[in-house]
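Here the structure comes first, spelled out in structure tokens, and everything after it is commentary.
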Amino acid sequence: MLQIDLISIFPEYLAPLKLSLLGKAADKGLLQINIHDLRAQTTDVHHSVDDTPYGGGAGMVMSAEPWGSAIDQMTNDQDQVDLIILTPAGKKFDQKMAGEFAIKKHLIFACGRYEGIDARVGEYYGAKKNFTLHEVSIGDYVLGGGEVAAMVIIEATARLIAGVIGNPDSLKEESHSISGNNQELLVEYPNYTKPAMWRGLSVPEILLSGNHGQIAKWRKAQAERRTQQLKEE
Ligand code: JB8
């Protein structure tokens, strides 16, 4: 059973994680997702979670201590924890990383806002013996905060856990579309369903032929052509 904890000042923003696929996985006991409000950790009257940056500069930095007390509260020294800090400066998330997260016991997602989290949070937990630190980005663009990035990572990770996906054949087919070496996603062949004619557009004849050998050959050629085309863009 994978336990996922998320920490955010906008816990409502993470509500989709309780819906549909992931919610059902939680009901089946495959996954447990807990959402935590960082502000619950603050002790001052204004519940402040940020402060001005040392050295000057624009914006605000999230203070270390609310993160430290939140993380300490949801872990003990026997627990093996993978702490994922979302940051545009992190390692780029990919299908291979999703596969690695899917076999972990306990993931904690720190979803920052503003100019990000005091760097000592990563430094502290990165040096802790039962913690593995991952600084992760989902792509080369800047979001307003880590929440959406965390949801992307959790959606890609959760569907790799046995039983989360309704039809395991979908995962098996997909495994053919990921190169063994580097887990690079290969482009799929185009899909069609009924009707055979839609707005003057027909389905390729071969798919109606019932010749499974020829269909497999055609699909492979289509996938290779599309993969090559993507590389040329
Ligand atoms: C403040 O684009 B991102 C990202 C942006 C952020 C924070 C975390 C992640 C926190 N801005 O990956």
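Note that ligands are numbered from 1 as they come in the structure, with each ligand's atoms numbered from 1 the same way.
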Worksheet item: Can you check whether Val187's main-chain N or O pairs, donor with acceptor, with Thr227's side chain at less than 3.5 Å?
Response: yes
To check your reading of the model: name the closest protein heavy atom to [atom], its residue, and the distance in Å.
atom                   : result
atom 4 (C) of ligand 1 : Pro88 CD, 3.5 Å
atom 8 (C) of ligand 1 : Leu86 O, 3.2 Å
atom 2 (O) of ligand 1 : Leu143 N, 2.7 Å

In terms of atom number and element, which parts of ligand 1 are under 4.0 angstrom from non-hydrogen atoms of [X]?
X      : answer
Gly112 : 10 (C)
Tyr114 : 1 (C), 11 (N)
Tyr141 : 2 (O)

Worksheet item: Quick one: is the NZ or CZ of Arg113 closer than 6.0 Å to the six-membered ring centre of Tyr13, and within 45° of its axis?
Response: yes
Worksheet item: For Val142, is the nearest heavy atom under 4.0 Å from an atom of ligand 1?
Response: yes
Discussion item. I'd like to know if Gly145 contacts ligand 1, where contact means a heavy-atom distance under 4.0 Å to any ligand atom.
Written reply: yes
Worksheet entry | Under-4.0 Å salt bridge between Lys104 and Glu100 | no
Discussion item. Using a strict threshold of under 4.0 Å (side-chain N to carboxylate O), is an ion pair present between Asp140 and Lys92?
Written reply: yes
Practice prompt. Please work out whether any backbone atom (N, CA, C, O) or any side-chain heavy atom from C-beta onward of Thr87 is under 4.0 Å from ligand 1, and answer side chain, backbone, both or neither.
Written response: backbone
Discussion item. Heavy-atom distances under 4.0 Å decide this one: backbone, side chain, both or neither, for Arg113 against ligand 1?
Written reply: backbone
Worksheet item: Are Asn130 and Asp77 close enough that a side-chain donor and a side-chain acceptor fall under 3.5 Å?
Response: no
Fill in: Gap separating the CZ atom of Arg219 from the CD1 atom of Ile206, nearest 0.5 angstrom
10.0 Å
Worksheet item: If you take all heavy atoms of Leu2 and His106, which pair is closest and at what distance?
Response: CD1-N, 4.0 Å
